[in-house]
Amino acid sequence: MQPIKKNLFYYLGIALSLTIIINMFLTQVSKSTMEEIDYSRFLNMLDNNQIESVEIESDKISIVPKANKNDPAENKKIYYTGYLYDSQLISKMHSLGIKISIPIKDKQSPIISFLISWILPIGIIYLLSPRLMGSINKKMGGGVMSFGKNTAKVYMEKETGVTFNDVAGEDEAKESLNELVDFLHNPSKYTEIGAKLPKGALLVGPPGTGKTLLAKAVAGEANVPFFSLSGSDFVEMFVGVGASRVRDLFKQAEQKAPCIVFIDEIDAIGKSREGTIGGNDEREQTLNQLLSEMDGFDSSKGVIILAATNRPEVLDKALLRPGRFDRRVIVDKPDLKGRIAILQVHTKNIKLGDDINLEAIAMATAGAVGADLANIVNEAALRAVRMGRNKVIQEDLFEAVEVIIAGKEKKDRILTPKEKRIVAFHEVGHALAAAIQKHTQPVHKITIVPRTMGALGYTMQMPEEEKYLMSKDEIIEQITVLLAGRAAEEVEFNIQTTGASNDIESATELARHMVSMYGMSDKFGMVGLESLQNRYIDGRPVQNCASETASEIDSEVSRIINSCHEKAVKLLKDNTEALQKIAEFLIEKETVTGKEFMDILNSVQQKNDEQ
Ligand code: ADP
Ligand code: MG
Ligand code: ZN
């Protein structure tokens, strides 16, 4: 993937400089232990009988002095000096008992020694340097070192190994992508008629719904190479780097056509240029380069650009213009059927027990995306291993759902008995409000085992069927369920605790949406007072109204909340016996199933009916 010409000189240069450094270092090391002396000093040493041994070479004599007790530092030194042929000298040394050695003159030619000390290291370093530089780049975050000509950042996969079978649900998305696959298979079929081929498609949807997976699957289905880059890869510290990466990416892609170029999280570069004060030069240049590349290349060659984002509303209008990402493929959160299919895909390679009912799990995970479900399945498998089983059973899956929703059980968090009582009544308050009202989802489980994500206990409700619409009555009842936790604290203990803060937040949000977005208040009717900004990530609503109206919204919201709160208090006061009985049971058992809960509730209600 790396153009050879560029690299040859780049790495050769590195190899050469490293070799010079190594050679300099080696001479420096040998110099520090060898010291040159003059010939007369050598003769002096000889006269004073200070020499242990000598080594005579053709033009040099190395002298190892006798051990000097006064100066141990001297002992490691070896001296050398020039050598003239002198037969007297040799016989004198011999008579003094000095060990004389004369190495056989090695016949190594200067060419060979040059080869060994220069060419060999250069060669080795040259061969190793791509890997060496790669790891250095990585350590430095690919920042300054990769400045300019970094093409290594472009990731190409020959085969993604993912097909549409790995992407469960999302049938509409797959359908519209299928045409692209067909086109990659057989471009002439389209060009013959004269049809212009789509240049690109934009995958839009919340995080974790499988956008990246789908893009890979398109490449896998079409059996073409897959180039992928994340939007944030383009944005670097130097202006112009991003633009050069875009250029490189398209150049490489055109060579490999037909292929798919996938730009993940494109909002990082494609953010609208409007409204940013001062602008961001780097991002703007990158975006401009991308736009011009998309206009410039010839789609009949078979390069298809896919991009993914979860914030389509921030994208620059120019990107969405026909002829660029003219297709928009919505990859939405899966519905019940989709969730079952995703669970099936992910449990395919997992040993399942006989009691597994994926439908029930899908039912309990409304709103979960593919990534969550994949996570749940894996979490369940891990739990099965932890429990020493060789199969995953339904209980593992349900526990995994709770871990994903509420965090792991935190058994070491000790509540005082008083706190435990309060938490128990709080949760039973929720459960009773859910069970007694008409339009609410049945209780699946109540627990007061604290969870790592902060919940001291919780009540799990499970829908009987998938729902896409909520009526005003249902929302009101849902708010009442949320407020019934606090109401139970008040009814039983006459106190208010911090445990209700999440409930209050959710209830307030629901009430606010009723007034400002769902047109469900008598006061404003169907006036849209707020709109959602980031539809695909939990966005904040934006107010479209005057500030006086905003304060009226607030009072309308608090009116709804207060009336629901009163309703919850009344409901619990009418059912104090059930509240207390179930709470006591919960305190004892810490976890109560939906069935146990309903049994106690029914028996209490029956008894009351008989009286
Ligand atoms: P996105 O790019 O939309 O944020 P990803 O494609 O990265 O989401 O999905 C993350 C993981 O979630 C995938 O690797 C896959 O395991 C799982 N996943 C998501 N959606 C699906 C799906 N529809 N079918 C199967 N698995 C899915
Ligand atoms: Mg992704
Ligand atoms: Zn609560």
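This chain uses plain numbering: 1 for the first residue, then up along the sequence.
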Task: Non-hydrogen atoms of Gln437 and Ala433 that approach each other most closely - done: NE2-O, 3.1 Å
TODO: Using atom types as modelled and distance alone, determine if a side-chain donor or acceptor of Asp396 lies under 3.5 Å from a backbone N or O of Ile393.
DONE: yes
Task: Value rounded to 0.5 Å, distance of CD1 in Ile582 from CD in Glu577 - done: 10.0 Å
Task: Straight-line distance of Leu510 CG to Ile561 CD1, nearest 0.5 Å - done: 8.0 Å
Task: Chi angles and distances behind the salt bridge (charged side-chain N to carboxylate O under 4.0 Å, His left out) call for Glu509, Arg512 - done: CA-CA 5 Å; Glu509 187 181 294; Arg512 178 170 287 275; over 6 Å; no
TODO: Could you tell me whether the side chain of Lys211 and the main chain of Ala308 form a donor-acceptor pair under 3.5 Å?
DONE: no
Open item on the list: Closer than 3.5 angstrom, by distance alone: can the side chain of Glu172 be matched with the main-chain N or O of Ile330 as a donor-acceptor pair?
Closed with: no
- [ ] Look up atom OG1 in Thr498 and atom CG in Leu456, then write down how far apart they are to the nearest 0.5 Å.
- [x] 8.0 Å
- [ ] Could you tell me whether the side chain of Ser228 reaches within less than 4.5 Å of the side chain of Asp264, counting heavy atoms only?
- [x] no
TODO: Work out which heavy atom in Ile266 is nearest to a heavy atom in Thr309; give both atom names and the distance.
DONE: CG2-CB, 4.0 Å
- [ ] Specify the closest pair of heavy atoms between Gly205 and Asn310, including all atoms of both residues, with the distance to one decimal.
- [x] O-CB, 3.1 Å
Open item on the list: Does atom CG (Asp354) have a neighbourhood of more than 12 heavy atoms from anything else shown, all under 6.0 Å?
Closed with: no
Task: Euclidean distance, Leu202 CG relative to Arg327 CZ, rounded to 0.5 Å - done: 12.5 Å
- [ ] Would you mind reporting whether Phe524 and Ile553 have side-chain heavy atoms less than 4.5 Å apart?
- [x] yes
Open item on the list: Does Val218 form a side-chain contact (heavy atoms from CB on, under 4.5 Å) with Phe164? I'd like the steps, not just the answer.
Closed with: CA-CA 7 Å; Val218 173; Phe164 280 159; 4.1 Å; yes
Task: Ionic contact status for Arg421 with Glu584, cut-off 4.0 Å - done: yes
Open item on the list: Counting C-beta onward and ignoring hydrogens, is there a side-chain heavy-atom pair between Gln394 and Ile361 closer than 4.5 Å?
Closed with: yes
TODO: Give me the one residue out of Leu586, Val443, Thr459 that meets side chain to side chain contact (heavy atoms under 4.5 Å, CB included) with Val428.
DONE: Leu586
Open item on the list: What I want to check is whether the side chains of Gln478 and Gln441 have a donor and an acceptor closer together than 3.5 Å.
Closed with: no
Open item on the list: Taking Glu477 first and then Lys567, would you say they form a salt bridge - that is, a charged N and a carboxylate O separated by under 4.0 Å?
Closed with: no
Open item on the list: Using 0.5 Å steps for rounding, measure from the CG atom of Asn544 to the CD atom of Glu530.
Closed with: 8.0 Å
Open item on the list: Quick check: do Leu315 and Arg311 have side-chain heavy atoms less than 4.5 Å from each other?
Closed with: no
- [ ] Taking Arg339 for its side chain and Pro334 for its backbone only, find out whether a donor-acceptor pair lies under 3.5 Å.
- [x] yes
- [ ] Would you indicate whether the side-chain heavy atoms of Leu291 and Asp316 approach each other to under 4.5 Å?
- [x] no
Open item on the list: Measuring only between side-chain heavy atoms, which start at C-beta, is Arg383 closer than 4.5 Å to Glu395?
Closed with: yes
Task: Side-chain donor/acceptor of Thr209 to backbone N/O of Asp332, under 3.5 Å - done: no
Open item on the list: With salt bridge (charged side-chain N to carboxylate O under 4.0 Å, His left out) as the criterion, how do Lys589 and Glu596 come out once you've worked through the C-alpha distance, each side chain's angles and the decisive distance to 0.1 Å?
Closed with: CA-CA 11 Å; Lys589 300 265 176 177; Glu596 289 170 330; 5.7 Å; no
- [ ] Compute whether any side-chain donor of one residue and acceptor of the other, for Gln496 and Glu490, lie under 3.5 angstrom apart.
- [x] yes
Task: Atom pair CG (Leu483) and CG (Leu571), whose distance is rounded to the nearest 0.5 Å - done: 12.0 Å
Task: No-hydrogen, no-angle side-chain donor-acceptor test under 3.5 Å, Ser230 and Glu265 - done: no
Task: Side-chain (Thr440) to main-chain (Ala434) donor-acceptor, under 3.5 angstrom - done: yes
Open item on the list: Taking CD in Gln605 as the centre, count heavy atoms belonging to other residues, nucleotides or ligands within less than 6.0 Å. Is the count above 12?
Closed with: yes
TODO: Measure across Phe597 and Val592 and return the closest heavy-atom pair with its distance rounded to 0.1 Å.
DONE: N-CG1, 3.8 Å
TODO: Using a 4.5 Å cut-off on heavy atoms from C-beta on, say whether the side chain of Ser471 contacts that of His439.
DONE: no
Task: Shortest non-hydrogen separation from Val481 to His430 and the atoms involved - done: O-ND1, 2.7 Å
Task: Donor-acceptor contact present, side-chain Asn562 to main-chain Ser558, <3.5 Å - done: yes
- [ ] Just jot down the ring pair (Phe, Tyr, Trp, His ring centres under 6.0 Å) partners of Phe262, sequence neighbours excluded, or say none.
- [x] Phe226
TODO: Can you tell me which residue pairs pass the salt bridge (Lys or Arg N to Asp or Glu O under 4.0 Å) test with a partner in residues 436-448, sequence neighbours excluded?
DONE: Glu402-Lys445
TODO: Using modelled atom types only, decide if a donor and an acceptor are shared between the side chain of Thr347 and the backbone of Ile350 within a distance under 3.5 Å.
DONE: no
Task: Pairwise side-chain contact, Thr497 with Glu419, heavy-atom cut-off 4.5 Å (strictly under) - done: no
Task: Donor-acceptor contact present, side-chain Asn602 to main-chain Asp599, <3.5 Å - done: no
TODO: Show your working on side-chain contact (heavy atoms from CB on, under 4.5 Å) between Leu319 and Leu290 and close with a plain yes or no.
DONE: CA-CA 9 Å; Leu319 263 179; Leu290 182 66; 4.2 Å; yes
TODO: Under the side-chain contact (heavy atoms from CB on, under 4.5 Å) rule, what do Leu572 and Glu492 come out as? Steps first, then yes or no, please.
DONE: CA-CA 9 Å; Leu572 293 176; Glu492 182 64 26; over 6 Å; no
Task: Stepwise side-chain contact (heavy atoms from CB on, under 4.5 Å) check, Thr365 with Ile376 - done: CA-CA 10 Å; Thr365 48; Ile376 285 173; 3.9 Å; yes
Task: Glu610 bridged to Lys607 by N-O distance under 4.0 Å - done: no
Open item on the list: How about CG on Asp609, more than 12 heavy atoms from neighbouring residues, nucleotides or ligands closer than 6.0 Å, or not?
Closed with: yes
Open item on the list: Check this for me: does any side-chain nitrogen of one of Glu489 and Arg486 sit under 4.0 Å from a carboxylate oxygen of the other?
Closed with: yes
Open item on the list: Counting only heavy atoms from other residues, nucleotides and ligands, does the tally under 6.0 Å from CD of Gln580 exceed 12?
Closed with: yes
TODO: Determine the minimum heavy-atom distance between Ala550 and Gln543, stating which atoms define it.
DONE: CB-OE1, 3.7 Å
